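As structure tokens, the structure follows; a few thoughts come after it.
In what follows, every chain begins at residue 1, and chains take the letters A, B, ... in the order their sequences are listed. None of these values were measured; they are calculated from a predicted model.
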Amino acid sequence: MTIIKRPRGTRDFLPEEMRKRSQARKAMQEVLERWGYQEVATPTFEHLELFTEKSGASVIDEIYSFQDKGGRDLALRPELTAPVMRMFVSELQNSPKPLRLYYFGNCFRYERPQKGRFREFWQLGAELIGGARPDSEAEAIALADQLIRSAGIRGDIHLGYLGLIRAILERIEGDKRAAAMRMIDKKERSALEELLEDLNQGDLGLLELIDLKGKAALDKALEIAGDLLLTETQEAPARSEGPRAPSEPKMQSEGRGSARNGRAVSSQLHLEEFQETVDLLGAYGVDFQIDFEIVRGLDYYSGTVFEIYAEGLGAQRQICGGGTYELSSLFGGKETSSTGFGLGFDRIMEIAHIKEERKPPVFLVYTPGVKVDAARIAVSLRRSVPTVLDVMGRSMGAQLKAASGAGARHAVIVGREELDSGKLILRDMSGGEQENLTLEEIVERLSPIYSSKFYKT
RNA sequence: GCCGGGAUAGGGUAGUGGCUAUCCUGAGGGACUGUGGAUCCCUCGAGCUGGGUUCGAAUCCCGGUCCCGGCCCCA
């Protein structure tokens, strides 16, 4: 007989690993709650349309989609931002703003598995819905930073700003903008140079801008912004074309983003907003790098975008990505700006430093004749102390052996004599010392030890 | 989708065309019928899968599956 194996790209989590995952998740949830975020959950599957609407038809190739028995086109969720925004639009639109939501859930993508990439993976993310831009951005980024730290990871935070890039790209032909964005994102330097050369406009400072990192980049950005505003006023009457023009035949050569044809994307500069985000982040004490190469190729992003990278993950170094976006209106809601991010939980687990916290239960060891009484005692013990009872029909010696093997700190031993005297034996498994105590005394003794998060020794 | 490496008891491994497939660990039991971690004994348990070559394949060849690393992609 052949053993049935796990489907490709999926994993089993054995107790030891699951313990770490739970700890990491709890640590991060604690941070989120401390920042006032509330957990939400959405279905594991959604209408396929939800994801094609957001990301374009090309994502179908990488989605686990299927038809149910009623002929509906459904998809296992490949990400959680769209479901959360769908939920927001249909159920939370009239809630007081801002909404601070977070989620943790498994997602599915039909992709080639490799280090840090699986077909079923877990994402933890937060969405700050309806807040003003710089404030929200600073909060979201600072929060992401805290989350990663709570898992014991050091990440490099890279901040980009789409307002400026889009303003520059507005200078070039519409059908080349998407391509240019893509080249910046993919770091296809020579292709980008070529494209800019063909335009005969000079490079508009773009190349220098994306090369510069940190403070220098911001200075350069201010310089470019100044130039742009200057020419803007001079040329304004001549330029009626803009990204908002719905008639513009915007080619979607990549196949992605086709659902967003003609969608309004703020291309206004607002560099001062970015400046404010940066200043606020300083106040939050967050270390980051300004990096205009971060553009997160999607049209619904605006304002600040950011990505966080970590070492030790091979080719998949990115552990977090996010930014300010407008998806509410795409899903039929009122235009609502949101800032959010998603963390790749599995990647974080690969490099997280989690302190081992193992709490084996107390073993209630009994002689064969008193099984029924032992079961009754176990019930009382479990009210305050994790307790296990032999179910193998083992001898007392073998039960102790099992307790020892399981790493138990204490055993409670009960036989005929103990029942008659009303005093059970509490055995310290590390030294072997024993005491005769009533059940109440044992509970009193053990519960403070086992109810705390860590063993007190 | 592409390139490369791999697959032997639950975990880790040896072997290399040839009788009952090696060792460690593990699991279950026992020596120790009311006291564990040591030792000893017994037991359980394996060559991914489908073809081919061969007298004979875990070993050689081909396909598939899965794993690992990289590319592409990454909402």
Nearest-angstrom distance, P atom, B:A38 to B:A27:
11 Å
Could you measure between the two C1' atoms, the one in B:U59 and the one in B:G15, and give it in whole Å?
9 Å
Given atom CG of A:L426 and atom P of B:G36, what is their separation to the nearest angstrom?
17 Å
Using Watson-Crick geometry (N1-N3 plus N6-O4 or O6-N4) or G-U wobble (N1-O2, O6-N3), each under 3.5 Å, B:G64 is paired with B:C48
Can a cation-pi geometry be assigned to A:R347 and A:W122, taking NZ or CZ under 6.0 Å from the six-membered ring centre and within 45° of the ring axis?
no
Work out how far the P atom of B:G12 is from that of B:U8, and round it to whole angstrom.
8 Å
Would you mind telling me which of B:G70, B:C74, B:C67 lies closest to the side-chain atoms of A:K115?
B:G70
Distance between C1' atoms of B:U33 and B:G26 (Å, rounded):
27 Å
Please classify the nucleic acid contact of A:R6 as base, sugar-phosphate, or nothing, using heavy-atom distances under 4.0 Å.
nothing
Please report the distance separating the P of B:G63 from the corresponding atom of B:C68, rounded so that it comes out in whole Å.
22 Å
When the aromatic ring centroids of A:H410 and A:F363 are compared, is their separation below 6.0 Å?
no
Polar side-chain contact A:E62-B:G1 base: donor and acceptor under 3.5 Å
no
Within the structure, does a side-chain N or O atom of A:R8 lie under 4.0 Å from either OP1 or OP2 of B:U65?
no
If you look at every strand shown and take non-hydrogen atoms under 4.0 Å, does A:Q318 touch a base, only sugar-phosphate, or nothing?
nothing
Need the pair for B:A27. Rule: Watson-Crick or G-U wobble, both distances under 3.5 Å, any strand; none if unpaired.
B:U43
Could you give the CG-to-P distance, from A:D12 to B:C66, as a whole number of Å?
15 Å
If you only use heavy atoms from C-beta on, which nucleotide in B:G34, B:C2, B:C67 is closest to the side chain of A:I425?
B:G34
Base, sugar-phosphate alone, or nothing: which one does A:R394 contact when heavy atoms must sit under 4.0 Å apart?
sugar-phosphate
Looking only at N and O atoms, is any donor in the side chain of A:R112 or the base of B:C74 less than 3.5 Å from an acceptor on the other one?
no
Starting from P on B:G34, measure out to CG on A:L419 and report it in whole angstrom.
15 Å
Can you check the distance between B:C61 and B:U54, where both ends of the measurement are the P atom (answer in whole Å)?
16 Å
Syn or anti for B:G47, taking syn as within 90° of 0?
syn
Rounded interatomic separation in angstrom, taking NZ from A:K187 and P from B:C71
14 Å
Which base sits across from B:G1 as a Watson-Crick or G-U pair, both distances under 3.5 Å?
B:C71
Side chain A:R11, main chain A:E120, donor-acceptor under 3.5 Å
yes
Expressed as a whole number of angstroms, how long is the span from A:L400:CG to B:G37:P?
9 Å
Tell whether A:R117 reaches the base of B:C74 with its side chain through a donor-acceptor pair below 3.5 angstrom.
yes
So does A:G415 get a backbone contact from the side chain of A:E418, meaning a donor-acceptor N/O pair under 3.5 Å?
yes
Going by modelled atom types, is there a donor-acceptor pair between the base of B:G36 and the side chain of A:R427 at under 3.5 Å?
yes
Applying a 3.5 Å limit to both distances, which nucleotide forms a Watson-Crick or G-U wobble pair with B:A9?
none
Under 4.0 Å: is that the gap between some side-chain N or O of A:K5 and OP1 or OP2 of B:C66?
no
Can you tell me which residue among A:L74, A:D73, A:T52 is in a side chain to side chain contact (heavy atoms under 4.5 Å, CB included) with A:H47?
A:L74
Can you check whether any acceptor in the base of B:C72 is under 3.5 Å from a donor in the side chain of A:Q114, or vice versa?
yes
B:G37, B:G34, B:C74: which one has an atom nearest the side-chain heavy atoms of A:S404?
B:G37
Should A:K186 be listed as having a side-chain N or O under 4.0 Å from OP1 or OP2 of B:C74?
yes
Complementary nucleotide for B:U16 - Watson-Crick or wobble, under 3.5 Å
none
Start at the 5' end of RNA chain B and walk down; is the nucleotide closest to A:G393 or to A:G9 reached first?
A:G393
With rounding to whole Å, what would you report as the distance between B:C55 and B:G47 at their P atoms?
26 Å
Specify the separation, in whole Å, of atom CG of A:L80 and atom C1' of B:C74.
15 Å
Pick base, sugar-phosphate or nothing for A:E307, based on heavy-atom distances below 4.0 Å to the nucleic acid.
nothing
Whether A:F274 and A:Y161 hold their rings parallel, tilted or perpendicular, with breakpoints at 30° and 60°
parallel
At 4.0 Å (heavy atoms only), tell me whether A:G342 reaches a base, stays on the sugar-phosphate, or touches nothing.
nothing
If we ignore hydrogens and angles and just use 3.5 Å, is the side chain of A:T10 paired with the main-chain N or O of A:R6 as donor and acceptor?
no
For atom CZ of A:R409 and atom C1' of B:G37, their distance in whole Å:
15 Å
Touch class at under 4.0 angstrom, heavy-atom based, for A:Q399 against every strand present:
nothing
C1' atom, B:A14 versus B:C3: distance in rounded Å?
31 Å
Are A:Y309 and A:H158, when compared by the centres of their aromatic rings, separated by less than 6.0 Å?
yes
Atom NZ of A:K401 and atom P of B:G29: how far apart are they, to the nearest Å?
8 Å
